[in-house]
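Since the structure is predicted, the reported quantities are computational estimates derived from the model, not experimental observations.
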Amino acid sequence: MEEAKDIYRQLRVTIQSSHGSEICPTANQDSQNEQVTQVIGEAPDPETPDEVLRDKDGTAIVDISKIESLLNSKNIRMKNIAAEEKEEKLDQIAAFMGSRYSFIKRFYGMVKSNMNSGSSFSLNLRDEPPQVIGSTCQFAKNLYSIAFLEEYRYFKAPRCLLVARPSRSPRALNFLAGNWLERYVRDTLIRLVAAHTEKISFSYVANAQVTLSNGADFEMDLLFHINDQFYWVESKTGEYQDKIQKYSRIAHELGLQGSQAFIVLTDVSQDTRSSLSSLYHLSVIGVDEVESTFDGILKSHL
C-alpha cells in the first residue's frame, strides 16, 4: 500500500493554456478564390493529465487489487484491461469537446451524421453567438490538423458558412463515435484526483473486459474506487435505450447504489436524465456535469 501511495503522489497535472487569436484554417486555398478567413478568439488549451505510471512493457503499475477483489466477490472475472491510448493531442481535443460541448454540438452532430459516408456538408453559423462560432472553428481546425477532417473551409460574414468533410479512417471514426467522451471522463477524474492523492486511496481501470456472473462478456468504460467506495461510469454519445436496462442490472449485481453508477449522455434533456435516473436507479448525467459530479464525490471523501 505504501508503494501504491508513493505512485499516486507522483501524479501531476500538466496545465496547458494559451491565449490569443486564431485564424480559421483553409483547405484547397488556390481553388477557393472567394474564400476568406475570420479571426476568432481562441480559448486556453484544455488541461491534460500526465500518463499513468507504467513499467517497461507498458503495464500499469498502480494497485488495482481492491477493484479485482470487488469483481471477484461478485463472481465477475476480469479478463483483460485494454492498453490506454494516451496521446496528448487526442486528449486535448477530447477535453476541448467536453468542456465546450454546448458550443460545438451542432457541428459535432453534422460530423457524426456524415462520417460513415465521408460526405461533405455545410453548416450555417450566421445566427450563432461568437462563442459558438469561435469554438466550432477551433474544433474543426483541431480535427483538420490531425486529418480527422479531410476538408475544412470557413467563409466569413455575411455568409458565415463552414464546409467540412470527415475522414473515414478507422481511428477518426472510433474517436468521433464516442472515444473522445471516454477520454474526457477518464482524464477529468485523474486531473481532479491528482490534487488529493495524499488524502485518499484511489485506483481505476478503463475499458476493462470482464466476464459477468452469467458468463456474458462485457466491457466497463471506467471503474474506480476512492478509499473503500466504488464507482462505475459508462459514456454514450449515441443510442442508450438498448443499454440502460443492462447497466442497471450490472450495477445491482455489483452492489452499487444509484449514486455510485453513472451514465454520461450527450444531447439528452435534464428532464429526461432525471426520469432515467429515477426509473433505472442510476445517475444519468450530461457532459457539462462530469467535472462537478467527480468533484462532489472527491469532496465527500476528504
Any non-hydrogen side-chain atom of I104 less than 4.5 Å from a side-chain atom of M97?
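With C-beta onward as the side chain, the pair touches.
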Got more than 12 heavy atoms from elsewhere within 6.0 Å of NE2, H252?
no
Which residues satisfy the side-chain contact (heavy atoms from CB on, under 4.5 Å) test with S213, sequence neighbours excluded?
N75, E253
Filter on side-chain hydrogen bond (donor to acceptor under 3.5 Å, both in side chains), then keep only pairs touching residues 266-286, sequence neighbours left out; what's left?
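Residue pairs passing side-chain hydrogen bond (donor to acceptor under 3.5 Å, both in side chains), neighbours aside: Y101-D267, S269-T272, Q270-R273, Q270-S274, R273-E289.
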Taking all non-hydrogen atoms of both residues into account, name the closest pair between [X] and [Y] and its distance.
{"X": "Y231", "Y": "H301", "answer": "OH-NE2, 2.8 Å"}
{"X": "R183", "Y": "A94", "answer": "CB-CB, 3.8 Å"}
{"X": "F148", "Y": "L176", "answer": "O-CD1, 4.4 Å"}

Taking the six-membered ring for Trp, are [X] and [Y] parallel (under 30°), tilted (30 to 60°) or perpendicular (over 60°)?
{"X": "F107", "Y": "F121", "value": "tilted"}
{"X": "F230", "Y": "H225", "value": "tilted"}
{"X": "W232", "Y": "Y247", "value": "perpendicular"}

Would you call R191 and D187 a salt bridge, using N to O less than 4.0 angstrom?
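Salt bridge flag = no for D187 with R191.
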One thing to verify: whether D91 and R186 come together as a salt bridge, which I'm taking to mean a side-chain N less than 4.0 angstrom from a carboxylate O.
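D91 and R186: salt-bridged.
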So, does R168 use its side chain to make a donor-acceptor pair with the main chain of N116 at under 3.5 Å?
yes
